[in-house]
Structures are given as structure tokens and as C-alpha cells.
Amino acid sequence: MPLNTTTLPDFMTGTIVQASDIRNRLDTIQQFLNGQIGSSELSGTSWVDHTHVISPEFYGAPSRRTVSTSFHAWHRRSIPEGSSTDFVVRHEDFANPAFGSESDSDFSAIRDAAATIHVPPIDTGGTVGMAIWCNWYTYNSEGTLSAATDLESNLTDHIAAAFRIFVDDTGYTESTRYLHATTSWGDEAAERIHRKDMSTCVWIPSISGGPHSVALKMLVFKTPAGVRDWKHVWVGPRFFEVEIFLL
Amino acid sequence: MARITLQDISIGDAISSAETNTTLQSWRDQSINVDNENVRSEGLHRRNFAANAVVTPPNSNQYVSAPLGSMSINSATPVLVDIAGTPQVIGPFSFDLTDTNAELLVFGSLQYRNGSHPVGVTSTSAGVWNMRLCYSTTASTGPWTGIDETLRKTGFGFVPPNTIYRHGSISWAHRFGPIATTSSLYFGIQVWEPRAARLIKIEYTTLHAIYVQR
């Protein structure tokens, strides 16, 4: 509410000043100070710094998160490597698509690599950006192996699983990571080495206010008949973080 | 700071309309200059602030990604990653060397594959692929300067006489600085293999930066 000649007018010379005239003006000033200072009354030169805003708050298990005025973060992780009880395993028996035929609906979330977050209401003209991070340890086991001489054109024979970041069931293709099948030494013409440690990140320039589901999801590819059977795909120690920035 | 000047009124004095109006005018003039000296610490929520009162990040291309396509690289010198005709470059950002309250954070990730060696490769002829973030203070087309502390190397063991196929991912999180003050700062990703022995494919890349003002 601005204080101007309409809301806070001058006394007119020659006019009898009533008590109500004074009282009304005092009420206007009181209301101004007590909650009606609007954005147009603030100085146009940047002056807000960290001393004027609310201190961040930290929350522990079961939903580890940090909440501050312009930055929120959610953190998930598995227990340290060495404990088999916290591994996630998916089996090729329940696989669905062949490599190259996958869609977002084929993926499923990985425990301790997912979070339900809440984005605060967004000011007019403002945006909320979101960054998602994860790294994890993965490999496949117990499979049989057959050789393919031309690896690049036979990826279907070698890619055991795929990983991708999802927000509200929409996959971000640029975050995709493929797990190459484990090699079996000794009698193969083409040996393969795959990396067990994987990482990915994605930036979403604008996310709407309200609740959102964010997750690292995976799928196991169905093997071509008679070529390769990778049996089990394991996901071990993993780290997952979601950050939002009120811009 | 908005500072109101009140005209004194003492008991027994005649009330002057000119003096009281001076007080009212002071309220009107100063009520549009509320700033940090009028506000108590930790008393405000961000939602009270309009865009003109909050430091905003620079308006720039903050994010680039490659959900489709790949780039094959077989070069002994650094090559800028460009996938399906889209250089993986972000910017321009501003960097103020004297601003101790600002930080520029750069993040990236990619998947690599292929790069198989033929039969007969030895330990001295096997390739080691280098990957790093780079920056330019001139244009989105370079010239580029490598950020040495972000160098990642991926080398591969081999079992001769067999071929080896490789597949993996790399990510970066880097706090950038210091360099001279500039308003034309760009970031990209470079890949090369010093022996130019074998090809590698780069795909599924993401690159973004966040300008944080404290």
C-alpha cells in the first residue's frame, strides 16, 4: 500500500482539523508499518543479504533434507559397501524390452535413489531450477556368454541394463547410462570390459511448485534368444541428491 | 535508508497545517525507500521481495545436453564435444574477480563407449583417453583453455590377443575461478587421446552451471 497524496493527504489550509482527520492518517501510517509494505515501496538498489533471511534448517532420517530460503536439498544414500542386504537386484527373467525398444514406462525406481520432494510456491516472475545427482555401483552376474565379432553394431547382445533419471515419471534421456554385460574370460574371441561405477546428473531449468517424484530408475533388457543371458543385475552402494534453486 | 522527519508539536502551540503537512510529505517521500537499515535481521521471507530488490543470476544459456546422437573422437589434441551439430557449450556467464560473495559452480556428465583395440596391441600402444572441462573468455566458439583440475583419464587393460570393448561414465563438479573479470565466460567439454590410437564415442552428455550469490 503506497503512501501518497491519496492515501495520506495534506491538511487543507483554512479547513477545521477534526480528530478523525488525524486519527485516519495515523491509522494509515500504522497499517503501512504493520504489514502493508509492498514490493513497490522497497528500494530499487539491491540490498537483501543473508542477514535478512531465515536461517536454513536441517532434517535427518527418514527424509534427509536441508531447507533454506532460496535453496532446498534432499539427500538419499545406501549403507556402505560390504553389506549385501542393501543391494538391489533385478532379474533378466522379468525383463521386458529389447535394447533400443525401451520406453519410460519400462523403468522402475531403485530403492534409496529416489525422493518425493515439495517445491515451494513460486513468486510471480520467478523460476525454480532443479539439479539431480547420482552415482552408483552396478554389474551383472551368473550369465552365460556368447561372442559377437562386431560389437558396435550388435549392442543388443551386450547391453544388459539401462539407468535414467526421472521426474514425475518423465525420463530425461540425456541422463541415460548403459550397463555393458560382464565378460567371461578364457574362451571368447571378443572380451569386454565394463565399468561398474556409474554417475550422471541433469539440470531442469524450471520446475513447477508442489510435490514431485524424483528417482533414478533402471530396466533390464531382454536378451536375444541364444545370444546372451545376463541373469541378474545388481545395484550396490549409491548416492542420490536433488537440489532446487529459487531463482 | 528510509528516514522519516517529524515536525514537533508541543502542548499549547497552535497547530500549523504547514508543519503537519511537512510531516505527511516526509512519510510519503520516504515510504518508497525501505531497505536493509529499516529491516530487522532474519525477519523477511524471500516472497516479500520483488525482482528489483534481489540479486538475480545472469541471463545466459545455463544448460546444454545431448539426449540423442554421439560424437566419435580420435584426436591427439583436445577436441570440443559437439553432438549432432550441437556444441556442448554453455554461457555467457559473468565472472567478477573482486566479488567475494559470488561463486560459479560447473557440473557435467557423459557416457563413453567403444574404443576397442585390435589384436596385437601392447602396453605402449594402448590408448588413454583424456576428458576435461574447458572455458573461453572470448566466444562460444573458443579459443578454449583447459581446466586442468578437472582432467579425467580412462585407460583400459587388455588381454592380448583379444579385442577389448569399453563402456563407462564420468561426471564433474567444479567450483570455477579465479580468472580476470569478464562478462563473456563460456564452458565446454574436451576429449582427446594423445596417441590417437583408437576411436572413442561420447554420448548422453549434460553440462550446466549455477551462479550463486551469497
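Per chain, numbering begins at 1; letters A, B, ... match sequence-line order. Heavy atoms only: backbone and side chains are in, while hydrogens, waters and symmetry mates are out.
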Pairs of heavy atoms under 4.5 Å with chain A: top-ranked of L68(B), L207(B), L24(B): L24(B)
Can you tell me how far the OG1 atom of T200(A) sits from the CG atom of L110(B), to the nearest 0.5 Å? 9.5 Å
When rounded to the nearest 0.5 Å, the distance separating CD of Q30(B) from CG of L3(A) is 11.0 Å
Over all atoms of both residues, closest heavy-atom pair of [X] and [Y]:
X       : Y       : value
S169(B) : D197(A) : OG-O, 4.0 Å
C201(A) : T206(B) : O-OG1, 2.9 Å
W27(B)  : L8(A)   : CB-CD2, 3.6 Å
I210(B) : W203(A) : CD1-CZ3, 3.7 Å
E174(A) : S65(B)  : OE2-OG, 3.4 Å

Taking the side chain as everything from C-beta on, heavy atoms only, tell me whether V202(A) gets closer than 4.5 Å to Y63(B). yes
Which residue out of T5(A), V17(A), N135(A) racks up the most heavy-atom pairs below 4.5 Å with chain B? T5(A)
Top contributor to chain B interface from G14(A), A131(A), P9(A) [non-hydrogen pairs under 4.5 Å]: P9(A)
Mark yes when over 12 heavy atoms from residues, nucleotides or ligands other than I16(A) sit less than 6.0 Å from its CD1; otherwise mark no. no
Just do the side chain to side chain contact (heavy atoms under 4.5 Å, CB included) check on D10(A) and R28(B) with the steps written out, would you? CA-CA 10 Å; D10(A) 285 341; R28(B) 292 193 292 264; 2.9 Å; yes
Given that the side chain runs from C-beta out, which part of S171(B) has a heavy atom under 4.5 Å from chain A: side chain, backbone, both or neither? both
Heavy-atom distance under 4.5 Å to chain A: side chain of I170(B), backbone, both or neither? backbone
Would you check if the side chain of Q111(B) reaches a backbone N or O of Y178(A) as a donor-acceptor pair within less than 3.5 Å? yes
Among side-chain atoms of R25(A) and T20(B), is any donor-acceptor pair under 3.5 angstrom? no
